[in-house]
Amino acid sequence: MQRLLFPPFRALKGRQCLQLLAPRAAPRAQCDCIRRPLRPGQYSTISEVALQSGRGTVSLPSKAAEQVVGRWLLVCSGTVAGAVILGGVTRLTESGLSMVDWHLIKEMKPPTSQEEWEAEFQRYQQFPEFKILNHDMTLTEFKFIWYMEYSHRMWGRLVGLAYILPAAYFWRKGWLSRGMKGRVLALCGLVCLSGLLGWYMVKSGLEEKPDSHDIPRVSQYRLAAHLGSALVLYCASLWTSLSLLLPPHKLPETRALLWLRRFAHGTAGLVFLTALSGAFVAGLDAGLVYNSFPKMGESWIPEDLFTFSPILRNVFENPTTVQFDHRILGITSVTAITVLYFLSRRIPLPRRTKMAAVTLLALAYTQGSVLFNFIFKISDLDEGIRNI
């Protein structure tokens with residue numbers, strides 16, 4: 001907190017920018033120009049914000065305030081990234097349906113006694129996941145998945161507090177410009193929306209489906225909405241923070257630069273679409289359908305690609321089609337990132353822009369290599385099981 005707030009205050013030392021701005025007398029005539037005296041209630045500067053009479057609201061100079069707000073949003077984007085990672089771990093450990101109700105304040109206190117744990121476990125036993133999938137689960141095993149989901153929910157509350165409380169403080173102090181107020185309101189709204197979508201998603205996995213004996217799982221549509229809102233929140237917070245913290249570079253608006261900027265925006269949209277398709281893969285467990293690469297089984301294009309009717313339904317509900325689409329989008333995203341990197345090498349760009357392009361390329365290929373190794377290990381495991 002010291003690093004977040006104190007540097008701008010140190011910048012104020014020795015300055016006379018923090019003062020009561022009383023109306024100033026008319027200055028002497030200079031260059032045959034006479035300034036009229038300010039009316040009562042007017043102030044002479046904008047970057048220096050007044051101590052309004054009776055309110056005592058102190059504001060920082062605009063640059064110092066921007067640094068504070070920028071650092072705050074940078075920390076917030078980090079907390080959102082942590083929530084996404086923790087949500088992925090919760091999904092991998094199949095812990096998301098362990099908490100069967102939602103209370104904003106009440107559920108912040110976990111069970112402490114044996115009786116409370118047994119009561120919580122009995123509530124879990126009334127829902128489809130226990131009846132169909134975990135009917136032989138012990139209380140110790142239940143505690144593990146419960147704490148995983150509990151950690152994810154508590155982290156989400158921490159994210160909400162990290163946005164809302166400082167936003168209210170900065171707003172009251174007058175450290176937010178008019179445009180920044182709109183952005184901050186939108187970010188706080190996204191935090192609340194993402195949390196509501198999270199419970200809306202979990203609720204879909206708790207519903208009884210008498211005609212289905214499949215493994216209980218959450219709706220892939222709601223999962224994609226929950227993940228998508230978190231990604232938008234992360235990107236918007238990071239973009240806003242970096243816009244405040246890093247000075248803008250003024251580059252000549254050449255055709256090559258304009259084309260590069262448009263291609264970068266298109267690549268960002270493609271990566272976002274790939275991430276959303278990954279949510280559909282997770283929601284349908286589509287990653288388990290084919291565990292070979294680059295082919296899907298023995299063919300490049302599987303035969304059951306369009307088995308659902310109407311055809312559009314396959315894109316969102318057919319596990320084979322969903323995995324196929326995710327593969328195509330992933331390969332296309334890596335290709336677009338590679339092209340973006342080489343295009344950035346042909347244009348004179350600032351050093352930090354070139355570093356960003358290199359980092360993006362490295363992350364894309366690192367993620368791809370990790371995914372390939374995972375697929376190959378699953379394939380070897382499957383082949384070993386078949387040979388037993």
Side-chain angles (χ1 to χ4, degrees), residues 1 3-5 66-93 95-96 99 102 104 107-108 148-171 175-176 180-202 218 221-246 265 267-280 282-283 333 356 359-360 363-364 366-367:
M1 184 63 70
R3 295 183 61 188
L4 182 65
L5 297 177
E66 286 180 358
Q67 291 294 310
V68 174
V69 176
R71 289 190 178 97
W72 161 57
L73 290 176
L74 187 62
V75 172
C76 288
S77 64
T79 62
V80 176
V84 172
I85 295 172
L86 188 56
V89 175
T90 304
R91 176 70 188 176
L92 290 174
T93 56
S95 308
M99 298 180 69
W102 188 88
L104 182 62
E107 72 179 23
M108 295 179 67
M148 288 299 304
E149 174 65 11
Y150 175 79
S151 301
H152 184 51
R153 294 192 184 191
M154 291 305 102
W155 189 272
R157 285 165 172 75
L158 177 64
V159 173
L161 292 177
Y163 275 92
I164 296 174
L165 293 183
Y169 177 80
F170 295 152
W171 192 300
W175 295 359
L176 302 175
M180 189 55 60
K181 287 180 179 179
R183 292 191 183 188
V184 168
L185 282 177
L187 293 176
C188 292
L190 272 174
V191 172
C192 299
L193 175 64
S194 182
L196 292 175
L197 286 174
W199 169 242
Y200 184 60
M201 173 193 69
V202 170
V218 300
Y221 298 100
R222 301 184 189 185
L223 176 59
H226 182 46
L227 176 63
S229 63
L231 292 178
V232 171
L233 176 63
Y234 168 76
C235 294
S237 301
L238 184 62
W239 181 272
T240 304
S241 67
L242 295 180
S243 300
L244 295 173
L245 294 174
L246 299 178
H265 292 166
T267 302
L270 184 61
V271 172
F272 179 75
L273 185 61
T274 304
L276 288 186
S277 72
F280 281 89
S333 296
T359 303
L360 179 62
L363 288 175
T366 300
Q367 184 179 11

Answer whether the closest heavy-atom distance between the side chains of C235 and F272 falls below 4.5 Å.
no
Measure the shortest side-chain to side-chain distance between T90 and R153 over non-hydrogen atoms and say whether it is less than 4.5 angstrom.
no
Under 6.0 Å from the CH2 atom of W155, do we count more than 12 heavy atoms belonging to anything else shown?
no
Is it the case that more than 12 heavy atoms not belonging to Y200 sit under 6.0 Å from its OH atom?
no
What pairs with L176 under side-chain contact (heavy atoms from CB on, under 4.5 Å), at least two apart in sequence or on another chain?
V69, F170, W171, M180, K181, V184
Beyond-backbone contact of L244 with Q67, side-chain heavy atoms, under 4.5 angstrom
no
About how many Å separate CG of L197 and OG of S229, when rounded to the nearest 0.5 Å?
5.0 Å
Report yes or no: does R183 contribute a side-chain atom to a donor-acceptor pair with the main-chain N or O of T240 at less than 3.5 Å?
no
Within the structure provided, determine whether S194 and H226 are in side-chain contact (heavy-atom separation under 4.5 Å).
yes
Quick check: do L104 and R157 have side-chain heavy atoms less than 4.5 Å from each other?
yes
Under 3.5 Å: donor-acceptor pair, side chain of R71, backbone of L245
no
Can you tell me if OH on Y234 sees more than 12 non-hydrogen neighbours from other groups inside 6.0 Å?
no
Under a 4.5 Å cut-off applied to non-hydrogen side-chain atoms, are W72 and V68 in contact?
no
